Structures are given as C-alpha cells and as structure tokens.
Amino acid sequence: MGRILIVDDAAFMRMVLRQIVIEGGHQVVGEAGNGEEAISTYGKVLPDIVTMDITMPGMDGVEAVRQIISKHPTAKIIMCSAMGQKTMVIDAIKAGAKDFVVKPIQKEKLLEVLIKHL
Ligand SMILES: [Mg+2]
C-alpha cells in the first residue's frame, strides 16, 4: 500500500480523492492546494505517489511536475485532468508524469492506476 500526496485546489476534490485513497487501503501523507505547496510538501513527506490537479491558482500542475521531477527524478506523479485538458496532460507526461485519470474521478480507475505505479 502506498503513501500518497494529494494536490488539488478544490477542497471538495481533495476530500473525494482522500476518501478513495483511504478506501483503497493507502495512506494520505499530505495535501496541497497549488504547485508551490505541492513542491514543498513533496520534499517534506517524500510520498510514493502524487495525485496532481492541473488547473490551480498560482503554479499549475504541469509546472509543479517539471519542478518536482527536476529535484526528484524518480517521483511518481499521476495527473487528475478535466475534459479538454489533453494538451496539458501531454505536457505533463513529457515533463515526467507517469499517468493520468480523468475527472470525475472513478474510484476503481484511480485505485487501479495507483496500484500499477506502486
Ligand atoms: Mg483545479
């Protein structure tokens, strides 16, 4: 089971993700609401996997992936994207993100992706 860092600017979305992660038997080791927070929290908790939102105020998820990967090349980051964000998902994958799930997040799909990358 994995130690997961959840990044999303929407508190409701973080709650949904937290619930799924916990129901899957994983541990939530941190939460962040934007890219800057994601980077600093990543360094503190060194999670097994990050779930990363794309659109956030301040630094977005794609730039956060670039910066986390540049400091921690083995970081495993899963993008949580909305419809119509295909270009940004591709940018994130090019920057080193490992996978993506599409919102609305389906529990089974997210858990499957987490297990695949643990
Ligand atoms: Mg967002």
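Counting starts at 1 for both ligands and their atoms, following the listed order. Here the structure is a predicted model, which is why all the values come from computation and not from measurement. Here, residue 1 is the first one in the sequence, and each next residue gets the next number. Note: hydrogens, waters and symmetry copies are ignored here, and every other heavy atom, side chains too, is used.
Side-chain contact check for Q19 and E23: no donor-acceptor pair (N or O, by modelled atom type) lies under 3.5 Å.
Inter-residue side-chain proximity for V21 and L114 is flagged as met; some heavy-atom pair is nearer than 4.5 Å. Using a 4.5 Å heavy-atom cutoff, the side chains of R18 and E31 are in contact. Looking only at side-chain heavy atoms (C-beta outward), F100 and I78 stay at 4.5 Å or farther from each other.
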Side-chain donor/acceptor pairs under 3.5 Å, residues 46-58, sequence neighbours excluded:
{"residue": "D48", "atom": "OD2", "partner": "R3", "partner atom": "N", "Å": "2.7"}
{"residue": "D53", "atom": "OD1", "partner": "K103", "partner atom": "NZ", "Å": "2.9"}
{"residue": "T55", "atom": "OG1", "partner": "Q85", "partner atom": "NE2", "Å": "2.8"}

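Below the 2.8 Å limit, the Mg ion (ligand 1) has as protein N, O or S neighbours D9 OD1, D53 OD2, T55 O.
Of all heavy-atom pairs between M59 and E36, the closest is N-OE1, 3.3 Å.
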